[in-house]
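As the structure lists them, so they are numbered: ligands from 1, and atoms in each ligand from 1.
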Amino acid sequence: MLKNQIDKEKYSIPRHIAVVCDGNGRWARKKGLPRTLGHRAGTKPIENTIKECFELGVEVLTFYVFSSENWNRSNEEVAFLMKLFVEFFAKLRNEVGENINVRHIGSKNNLSKELLNEIKKTEKASENNSGLVLNIALNYGGRLEIVDAMQGMMQDINEGTLNADKIDEALISNYMYTAGLPDVDLIIRTSGEKRISNFLLWQSAEARLWFTNDFWPDFNHNHLIDAIKYYNKITIPSLH
Ligand code: IPE
Ligand code: MG
């Protein structure tokens, strides 16, 4: 076996891995580059991690690429990111093949027509793929998602298709953007920040958290393997 590989006999693979891609700006600053180049460099480890997780048999992979709070950044940076997301979804569409099922999670409000169109085309092109569900959390906020779920439930109650007595945890899960998907097992966050930042609040109730000081553009195979090993260590201590 190669160094730092996962022995699938020994380790359990998390069903749902969620990643907070953080530190693109600091990565660029360290190199004397504009922040935007950090964002561009950050797309590569996203693509690599998708491939690796698919090969490992992860069922759901969620990337937090733009939070509902990120609109506070400079107009220039937001405009660059939105352009990058258009390119990213178009590229994904060519790379998903028959394996990856891409979904946008988050609010559609304030996203450009061009981006919404690109997202829709990629979702459509990959909707019958059953290998790995890839959620791109873009313009996403965890509390907002809960508000949306509450509104959906209230609407169904008002229309008479849902009885309030039937509300339980499983039913609430089915009103979330991640309806039908397993809860998050492992959250990975780069760049040394140890915060949740309004990410998948409902779905992460039992998630294990793994942090690295490295910046997102430097994230690679070894980080992923270390995170999965850590997940195993604290989930199934008898293994070690
Ligand atoms: C993460 O990197 C990318 C996005 C949120 C779009 P940051 O842009 O947060 O980089 P830092 O944290 O300023 O270094
Ligand atoms: Mg940041």
State, yes or no, whether a side-chain contact exists between Phe63 and Val20 at a heavy-atom distance under 4.5 Å.
no
Decide whether an N or O pair under 3.5 Å exists between Trp27 and ligand 1.
no
Hydrophobic cluster membership, with links at side-chain heavy-atom distances under 4.5 Å among I/L/V/M/F/W/Y: are Leu115 and Ile105 in one?
no
Closest heavy-atom approach to atom 13 (O) of ligand 1 among Glu193, Glu77, Arg35, Arg26 is made by Arg35
Looking only at protein heavy atoms, which one is nearest to atom 1 (C) of ligand 1, and what is the separation?
Cys21 O, 3.0 Å
Salt bridge Lys91-Glu87, side-chain N to carboxylate O under 4.0 Å:
no
For atom 6 (C) of ligand 1, the closest protein heavy atom turns out to be Val65 O, 3.1 Å
Side chains of Met154 and Gln151: does their closest heavy-atom pair fall under 4.5 Å?
no
Residue part near ligand 1, for His39, under 4.0 Å between non-hydrogen atoms
side chain
Any idea which atoms of ligand 1 are less than 4.0 Å away from a heavy-atom of Asn70?
5 (C)
Sub-3.5 Å donor-acceptor pair from the side chain of Asn198 to the main-chain atoms of Arg143, do we have one?
yes
Among all protein heavy atoms, pick the one closest to atom 8 (O) of ligand 1 and tell me residue, atom and distance.
Arg73 NH1, 2.6 Å
Between Arg15 and Asp185, does at least one N-O distance fall below 4.0 Å, as a salt bridge requires?
no
Heavy-atom side-chain proximity of Val96 to Leu134 below 4.5 angstrom
no
For Asn75, does the CG atom have more than 12 heavy-atom neighbours from other residues, nucleotides or ligands under 6.0 Å away?
no
Only protein N/O/S atoms count here: give how many lie under 2.8 Å from the Mg ion (ligand 2).
1
Salt bridge present between Arg35 and Glu77 (N-O < 4.0 angstrom):
yes
Is the shortest side-chain N to carboxylate O distance from Lys124 to Glu127 below 4.0 Å?
yes
Protein heavy-atom partner closest to atom 3 (C) of ligand 1 - residue, atom, separation in Å:
Asn24 ND2, 3.4 Å
How far is atom 10 (O) of ligand 1 from its nearest protein heavy atom, and which residue and atom is that?
Gly25 N, 2.9 Å
